[in-house]
Protein chains: 4
Amino acid sequence: MTQPAEPKTVSPSVPDRLLAEATRLFAQHGFDRVSVQELVEAAGVTKGAMYHYFTSKDDLLFAVYQRVLDMQMSRLVQIVEGGGGVAERLHAAASDVVQTTVDNLDDTVIFFRSLHMLSPGRQSEVRKERRRYHELFRSLIEEGMREGVFHEKVPADIVVNYFFGSIHHLGMWYRADGELDGAQLGGYYADLLLASLRAG
Amino acid sequence: MTQPAEPKTVSPSVPDRLLAEATRLFAQHGFDRVSVQELVEAAGVTKGAMYHYFTSKDDLLFAVYQRVLDMQMSRLVQIVEGGGGVAERLHAAASDVVQTTVDNLDDTVIFFRSLHMLSPGRQSEVRKERRRYHELFRSLIEEGMREGVFHEKVPADIVVNYFFGSIHHLGMWYRADGELDGAQLGGYYADLLLASLRAG
Amino acid sequence: MTQPAEPKTVSPSVPDRLLAEATRLFAQHGFDRVSVQELVEAAGVTKGAMYHYFTSKDDLLFAVYQRVLDMQMSRLVQIVEGGGGVAERLHAAASDVVQTTVDNLDDTVIFFRSLHMLSPGRQSEVRKERRRYHELFRSLIEEGMREGVFHEKVPADIVVNYFFGSIHHLGMWYRADGELDGAQLGGYYADLLLASLRAG
Amino acid sequence: MTQPAEPKTVSPSVPDRLLAEATRLFAQHGFDRVSVQELVEAAGVTKGAMYHYFTSKDDLLFAVYQRVLDMQMSRLVQIVEGGGGVAERLHAAASDVVQTTVDNLDDTVIFFRSLHMLSPGRQSEVRKERRRYHELFRSLIEEGMREGVFHEKVPADIVVNYFFGSIHHLGMWYRADGELDGAQLGGYYADLLLASLRAG
DNA sequence: AATGAATGAGATTTCATTCAT
DNA sequence: AATGAATGAAATCTCATTCAT
């Protein structure tokens, strides 16, 4: 009658199933083109169940954003605070963001394509968190500039936007089944970034 | 009775008004969030008139794409075929695409955010034309690689995707009323691109 | 400059082309499913031209009805007033109506399927003319009854409805490219009618 | 609190109400002339409710067809498999189909007038079922022919089409408030059919 | 005689959400 | 925790007809 406190194997919970299908469908067809009906059918739950866990369709989209933001931020913090020279850490950070982006391409596609579909309040939340992320990345570049490792011909925030544009764009052309794996691509992108910054 | 041969000022034609409002509204709220009703009201025409000129809402979106594609392509062709060293021409091309992008930011926002909302057949058309554009840009980079002006550590097509990601992203942060004008920004972006390619 | 009074060959006139295409399209898709746009395109004329010759779409449908009514009536009159015994003339009339029906199957399909789509006033006109047609046919049967050639177990007007139901139905199953030609079928139908009426 | 196990009267369910009103309105004005708006107002339900139970307007029409097809088929099977001579059973079948047709005149009117408005796939389904029905009827005639009770001057399938044309046509002239009731009319029609088939 | 741009009403369908159970 | 019937507003698109030329 009672359930074991820690079942060894369970099929994913209702909210998890919804989140997974939402990510897949929103990336594939776009937030506005996915109806709640389709979504719950894909997740194998009922509408009522969905509205039990999420207050709205918008809420589901926001949940996807939170998952991405959390993951990216925690990884970047780890790298920035890790050891090594600034060029080395910037290279690692750039390479890592490429790798995690291609590993979670659906999330990225949603991230940039659907931000304007969140409610204004939640858009602000996401932008604020995103800004913190960019600032952390920028601080790394500024550190290199101060140390004279990087030139200062181009303002650091422009470099950051320049680089993250490239990242953002990955969802539009990178295919996991191609000949290029995430690590290689991360290497190339990090090399391009470092090359464009190197002093001299 | 007779019309002046060259009227100095005319109110824009119905399709032109529709195209202008569509561009503005699609960029601002997203294709799916703009209703035909809103659109025709903004353009000051009736729904019937709209459907007289455009077979569907999708058709309007496609018309926006065609306008952007034509403009970008013709400018690039002019630069590529112009005179000067390869580095010089690449710098000019990169700088120009930044400038025209920020001058037509609405179109750019639509371009990348709404491509998946076009009918599949039209998506193909747009992608094909876009590919031709990228290939022309890439041919310039390859020319520089063959001449030894650019290093070959990173494949040319990856460089192209890297750079156009940055362009694509402009719509997400650049504001015309900021302190940075298009020419300056074009200079920065072109410098970053050239720096990341320079041999040695 | 002037046109010859009797040109040897001309492409059909605008109203004729419209009438021909209307008949074909109304039979194929149903009056309500054929738009004026489709119709004028199929006829190779413009909308304005159509409205020059026909006051409305309904008017076109009515023109189709008039053509059918006129043809059927004139043929029946000729047969009824022709010579021969009553059984012979009824057989000829029955056989002929089958033949002309399968020769003009589109018209028949329209006749029975779209009558309720005519304006009420025109419906009355058609029904009145149709009634005259049925009455003429019935008079032939009644003549045979009076002469004792046909039995009177079933009222003549019921026989008429019975028979014309069969005619009406031809459009739902008869195919011109089948193995049965109109004359054969007319023979069968006339035989069935006569058999069901024969006295004794 | 508890519901009676067998409530004596309940207001018909939403889909039942819709089906009843659809039958009435489609017969009266034609499928294409009845808007969903009119329909749901007549049934006293909302549009949303209608689309909850029926996937389209077409679906409603199909539901009408299914009801008619089921009823006709089950009655015919019962008669064909019943006892008695073949002439007797054919007379009973013919008479019964007249009776049930005039008892459900709306359905019949819809049946023949609107078949071409169903989606192609559903038209096929209906035609297939209708063919099965005709074949059963034909098998009775063929049985009589083999036994020598009926002549073979006219092929059995033509007789079937001939007779069902008459049935089909009932909706165009029979009025329930006239002086002729369904049983009488059924008698007449069955007599005419048998007379036209009788050997000798 | 003929054009074709323009109208405006109305068509079917979709959808996020609510709520009694 | 979960159901699924029901809502009602809004969506895109169609269409017969008119009218200035």
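Proteins come first, then strands; the chains are lettered A, B, ... in the order of their sequence lines, and each starts at number 1.
- Consecutive Watson-Crick or G-U pairs involving DNA chain E, each under 3.5 Å on both distances, make up stems of three or more pairs at E:2-21 with F:2-21.
- Evaluation of the side-chain contact (heavy atoms from CB on, under 4.5 Å) rule for A/Arg127 yields A/Leu115, A/Gln123, A/Arg131 as partners, not counting sequence neighbours.
- There is no side-chain donor-acceptor pair under 3.5 Å between A/Arg33 and B/His116.
- Judged by distance alone, with hydrogens and angles left aside, the side-chain atoms of A/Lys57 form a donor-acceptor pair with the main-chain N or O of A/Val34 at under 3.5 Å.
- B/Ser119 and B/Asp58 make their closest contact through N-OD2, 3.0 Å (heavy atoms, listed as atom of the first residue, atom of the second, distance).
- For the pair B/His52 and E/dA6, the criterion of a side-chain N or O lying under 4.0 Å from OP1 or OP2 is not met.
- Taking D/Asp106 as the reference, nothing meets the salt bridge (charged side-chain N to carboxylate O under 4.0 Å, His left out) condition, with sequence neighbours excluded.
- Candidate nucleotides F/dA5, F/dG8, E/dT3 were compared by shortest atom distance to the side chain of D/Tyr53, and F/dA5 ranks first.
- Listed by chain and residue number, nothing satisfies the salt bridge (charged side-chain N to carboxylate O under 4.0 Å, His left out) test with C/Asp70 (two or more places apart in sequence, or in another chain).
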Fill in the blank from the handout: With sugar-phosphate taken as primed atoms, P, OP1 and OP2 and all else as base, the protein-contact string of nucleotides 14-21 of chain F at under 4.0 Å (heavy atoms; B, S, -) is BSSBB---

Practice task
Start with the C-alpha gap between C/Arg113 and D/Ser114, add the side-chain angles, then the distance that decides, and say whether side chain to side chain donor-acceptor pair (under 3.5 Å) holds.
Solution key: CA-CA 8 Å; C/Arg113 201 187 262 161; D/Ser114 304; over 6 Å; no

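- When the side-chain nitrogen and oxygen atoms of C/Thr46 are compared with OP1 and OP2 of E/dA2, none of them lie within a distance under 4.0 Å.
- Note: CZ (C/Arg17) to C1' (E/dA2) measures 13 Å, nearest angstrom.
- Residue pairs meeting the ring-ring contact (aromatic ring centres under 6.0 Å, His included) criterion with at least one member in residues 48-71 of chain D, sequence neighbours excluded: D/Tyr65-D/Phe111.
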